[in-house]
Protein chains: 2
Amino acid sequence: MARLPVYLRALTALQERGVATVSSEELAAAAGVNSAKLRKDLSHLGSYGTRGVGYEVEYLVYQISRELGLTQDWVVAIIGVGNLGRALAGYGGFASRGFRVAGLLDADEAIVGQEISGMVVEHIDRLEDIIADHGVSIAVIATPAGAAQGVCDRVVAAGVTSVLNFAPVVLSVPEGVDVRKVDLSIELQILAFHEQRKAGGPDGLAPLQEGDPPPGTSQYVETVEA
Amino acid sequence: MARLPVYLRALTALQERGVATVSSEELAAAAGVNSAKLRKDLSHLGSYGTRGVGYEVEYLVYQISRELGLTQDWVVAIIGVGNLGRALAGYGGFASRGFRVAGLLDADEAIVGQEISGMVVEHIDRLEDIIADHGVSIAVIATPAGAAQGVCDRVVAAGVTSVLNFAPVVLSVPEGVDVRKVDLSIELQILAFHEQRKAGGPDGLAPLQEGDPPPGTSQYVETVEA
DNA sequence: ATGTGTGAACTATTTCACAGCC
DNA sequence: GGCTGTGAAATAGTTCACACAT
């Protein structure tokens, strides 16, 4: 149910505009999905609509929040305080949805001790302490690619079972641990792919030529900073 | 084909380690997918493997890059230079994959003129000029939610047909324009959902109670800063 | 022997279309 | 009359399993 957060966002926007009731058609349009899909999704949570009328916005917001577990607070730690870690630390959308940042951690001595968004950056050595003391249940990894697996192993060993990974690597974790991955450059690559298709007409690429040359060296060298 | 960038990443990592050849099994493991799926995906690009041997890393890197359109340069503009815009401007993974940042733009006079990652922030008024002058084909929107649709309309009017949106809104665009959306808080919400399921046993939530109270006011108020 | 490429089986997801309730 | 909830149909995506090339 990866679409529930999108519905929730659309609903809170309606709520702010003082709308009391929506039809599946309207809400689906706001969320950018098909209305039948929306109804099926919502029907999985229970029968919260009224036939002939629609859904009561307030009530649906509450039910989806409950389903998503947003009626309780989740404690997160952000590991890696580069540009991205800073952006995450200052991101208002976390606090407002019940996500509390318990700590910012980094290995770089020059960054440790700095104050970012009202929090003092801690040394990565304190990782296990912070997880235990604050009851961290979600770790956000925003380190360089090379450090990510090591950090991941440590947070998992310390009992964290949900990881949001911004480093451009596939993390391996034991059974029972959830990892979600956000990769900024992958999103751009997907856009480039579609853009190319448009430019090249309906068929896109030229078909593979027999003598298509394998390049001597690749220009696609990895630079890894999440 | 949203998985091609992941394969490409795994392949370049192998390439750096000097590996000349991979089997579908090995590459699938590195990319975190099933090997049959990987073979099927690759077979869509053409027959680039050798039976009994595997895939030549160098050659496959080239073919996937070509398919994704990474053998040409793409010009991007980043609109909104808050924390996230800064992180994106400094993100090394763009330049290394053929994405060239042509401009950083913001509406805030206090930010305009600042130098970020070697670029001077331009005023949003210059948006159309910059798009035309540099041939921008991808716009990255990292503005607050309220400004996103307006910015989107302007870039589309200026001829951009691919948008990467970090603002927490569903953008509406004309036919033929691609939008991809990255929403940091949605990823966390999905993790929270799974985390809750683990904690609550296989059945997760308590079943809906008859007298389940609709809340008087919602605590889920939108704060919008992408 | 080994490992790709792929038809066929299976599973999941999306959409249709309409009965049933307001 | 209008709109939800949902079986059934259609579509998409995944995995199996093996023929066939090297």
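By convention in this document, chain letters (A, B, ...) are assigned in the order of the sequence lines, proteins followed by strands, and residues within each chain are numbered from 1.
Distance, B:Asn34 CG to D:dG13 P: 16 Å, rounded to whole Å. Taking atom CG on A:Leu27 and atom P on D:dG2, their separation rounds to 20 Å, with Å as the unit. Regarding B:Leu38, its CG atom lies at a distance of 14 Å from the C1' atom of C:dT6, rounded to whole Å. The interatomic distance linking A:Arg39 (CZ) with C:dC21 (P) rounds to 16 Å, in whole Å. Put simply, OH on B:Tyr59 is 15 Å from C1' on C:dT4, counting in whole angstrom units. Between the C1' atom of C:dG3 and the OH atom of B:Tyr55 lies a distance of 9 Å, rounded to the nearest Å. Here the C1' atom of nucleotide D:dT14 and the CE atom of B:Met1 are 12 Å apart, to the nearest Å. B:Asp41 places its CG atom 13 Å from the C1' atom of D:dT15, with the value rounded to the nearest Å.
At a cut-off of 3.5 angstrom, the base of C:dT14 holds no donor-acceptor pair with the side chain of A:Lys40.
Formation of a donor-acceptor pair under 3.5 Å by the B:Glu187 side chain with backbone atoms of A:Lys181 is not found in this model. A:Trp74 contributes no side-chain N or O that, together with a main-chain N or O of A:Val136, makes up a donor-acceptor pair within less than 3.5 Å. A donor-acceptor contact shorter than 3.5 Å is absent between the side chain of B:Asn34 and the backbone of B:Leu38.
For the residue pair A:Ser35 and A:Ala28, the shortest heavy atom distance occurs at CA-CB, 3.5 Å.
The shortest distance between the side-chain N/O atoms of A:Ser47 and the OP1/OP2 oxygens of D:dG5 is below 4.0 Å. A:Arg3 has a side-chain polar atom (N or O) that falls below the 4.0 Å cut-off from OP1 or OP2 of C:dT14. Between D:dC3 and A:Ser23, no contact under 4.0 Å exists linking OP1 or OP2 to a side-chain N or O. A:Thr50 has no side-chain polar atom (N or O) that falls below the 4.0 Å cut-off from OP1 or OP2 of D:dT4.
Closest approach to the B:Lys37 side chain among C:dG5, C:dC22, D:dT15 is made by D:dT15 (side chain taken as heavy atoms from C-beta onward). Picking from C:dC22, C:dC16, D:dT22 the nucleotide with the shortest atom distance to the side chain of A:Ala36 gives C:dC16.
Each of B:Arg51 and A:Gly52 has a nearest nucleotide on DNA chain C; the 5'-most of these lies closest to B:Arg51.
Taking 4.5 Å as the limit, some side-chain heavy atom of A:Lys198 sits within range of a side-chain heavy atom of B:Ser162.
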